[in-house]
Protein chains: 2
Amino acid sequence: MTEPRTGTPRERYRAHVRDEVKKHAWEQIGTAGAAALSLNAIAKRMGMSGPALYRYFANRDELITELIRDAYRDLADTVRARAAADAGLDGLAQALRRWALDDPQRYFLIYGTPVPGYHAPEDTTRISQEIMGMVLDAACAAAEQRPVPARALDEHLAEHRAWAGEHPAAPSALRQALTFWTRLHGVLSLELAGQFSGMGFDPALLYAAETEAVTGGTPSGHGDAPRPGR
Amino acid sequence: MTEPRTGTPRERYRAHVRDEVKKHAWEQIGTAGAAALSLNAIAKRMGMSGPALYRYFANRDELITELIRDAYRDLADTVRARAAADAGLDGLAQALRRWALDDPQRYFLIYGTPVPGYHAPEDTTRISQEIMGMVLDAACAAAEQRPVPARALDEHLAEHRAWAGEHPAAPSALRQALTFWTRLHGVLSLELAGQFSGMGFDPALLYAAETEAVTGGTPSGHGDAPRPGR
DNA sequence: CCCAAAGAGTTATAACTTCTAACGAACGCG
DNA sequence: CGCGTTCGTTAGAAGTTATAACTCTTTGGG
């Protein structure tokens, strides 16, 4: 989460306690969901009384916001590592699914049901944009090897490409990155939510099929092995 | 929600109070999310003390389960009405989006972040299957007019078609119904969660593009007007 | 019609939760 | 070695879910 080797002893201790709180928080979230997260319960498990935690987190929302921040950072790191290995769009898709399956509630903390009042802090939206940027990079790289056919939506995206920032992606790449996100999230979120549970088919194959469809069957760059199924 | 014209006066009164509780519950969920739903607050708004509501709902979870049940029923009714009008797959897609935008938290109550411990009651999964059945019907009807090309996934689905029940859909129709669900849910859930908010493009056009892609551009049956955008 | 049973709503209470306030003790910087 | 900052404590307010016990009303059977 954070490196403990900085600042004064007190700061290091503080960072250590904060990390331990977050560790217990993730456990609670994993077993009972974010709604059931209790500062009191965490304090007791750490062997101290409830109000002590308020020295480390202003309130429950700040702890959850911090967890969301960490989740975003971890996802960005995962995608960045995979992108650095030049794994291609399908490599990113695999990394995303693994990351999500590794801790479904962490995925839902980012992409799940929003709390009506809640507004994400600016830095998390920045990380979100960075992730999108890496997907855009991969989409452009894939388009060089195999051109992506144009769609009717491309025109609209060409006119509304503010979300891509300064990225020089072609309209078709914008669309590809966007549908990469929506299509994989569609399968992944329903799988993680257990909506496929009694249905019998293998979600991994559906995910692989969607990945192949959205990448145009591009077998990745020169990075790790493709392995469509699992 | 339920017809008040049945049973004894007491039963009718009971049903009336239950409906009023649910009405207030939906308001709370809409403005603060399901996690913030408070039986106490509902009771006070209805002019009675907290424990009185326990005459009508065993506990908070039972109320939420009942809301989920109602949401499923309402979605099934909406889809059924649209399917009866022979609106085609894209008609169902439009109906789904309208229904979701009408009350995002209601959509998320069904398709949003799951609570780790929670298991859906049997009747809601039955309704879910009924909805899937109607999508399958529409997919088969569309395939008669315009054949759907086969995909690699079809073979797997042909071998694992238990979820389709007795439905005689061809493997390609199974896949089409499944991706209809996952692709539209992918766009819709991210839109409802506000993930597209600062991005500039029109989610309706993205949804329309995904609808057209998944239906193969079939301009519906003979029902209501198609109207792709909005 | 009458009366007992059933049901509705009440208050009191327990066991939780978040979060503030006030206090004492320990830590570590100068 | 001090002395101020920081930490952890207990006390307590205001919420929550949920149960128990009690009162009052409604209802249906004799």
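Keep in mind that the numbers below use all heavy atoms, side chains included, and drop hydrogens, waters and symmetry copies. Order of the sequence lines fixes the chain letters, A, B, ..., with proteins taken first and strands second; residue numbering starts at 1 for each chain.
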Item checked: Under 3.5 Å donor-acceptor, R82(A) side chain and L92(A) backbone -> no
Item checked: Under 4.0 Å protein heavy-atom contact, by nucleotide of nucleotides 3-12 of chain D - B base, S sugar-phosphate only -> --BBBBBBB-
Note to self: Is there a side-chain contact between N40(B) and the phosphate of dT17(D), meaning an N or O under 4.0 Å from OP1 or OP2?
What the structure shows: yes
Margin query: Measure CD/E62(A) against P/dC19(C) and give the value in whole Å, please.
Written below: 10 Å
Next item on the list: In whole angstrom, give the distance that lies between atom CG of L39(A) and atom C1' of dG15(D).
Entry: 15 Å
Check: Is the shortest distance from a Lys or Arg side-chain nitrogen in R14(B) or E11(B) to a carboxylate oxygen in the other one below 4.0 Å?
Finding: no
Next item on the list: Would you sort out whether R80(B) and D77(B) count as a salt bridge (charged side-chain N to carboxylate O under 4.0 Å, His left out), showing the intermediate values?
Entry: CA-CA 5 Å; R80(B) 193 181 306 113; D77(B) 290 349; 2.8 Å; yes
Item checked: Under the side chain to side chain donor-acceptor pair (under 3.5 Å) test, residues paired with S189(B) that sit two or more places apart -> H185(A)
Margin query: What is the separation between atom CD on E11(B) and atom P on dG7(C), rounded to the nearest whole Å?
Written below: 10 Å
Notebook entry, point to check: Under 3.5 Å, side chain of T78(B) to main-chain N/O of D74(B), donor-acceptor pair present?
Noted result: yes
Notebook entry, point to check: How many Å lie between CZ on R18(B) and P on dG9(C), as a whole number?
Noted result: 13 Å
Notebook entry, point to check: Separation of L37(B) atom CG from dA18(D) atom P, in whole Å?
Noted result: 11 Å
Notebook entry, point to check: Whole Å only: how far is the NZ atom of K44(B) from the P atom of dG9(C)?
Noted result: 17 Å
Next item on the list: Let me see the working for D70(A) and W26(A) under side chain to side chain donor-acceptor pair (under 3.5 Å), right down to the final yes or no.
Entry: CA-CA 11 Å; D70(A) 285 352; W26(A) 281 120; 5.1 Å; no
Note to self: Measure OH/Y54(B) against C1'/dA12(C) and give the value in whole Å, please.
What the structure shows: 15 Å
Check: Atom CZ of R60(A) and atom C1' of dT20(C): how far apart are they, to the nearest Å?
Finding: 18 Å
Notebook entry, point to check: Taking for each residue the nucleotide of DNA chain D bearing the nearest heavy atom, is the 5' side occupied by N59(B) or by T8(B)?
Noted result: N59(B)
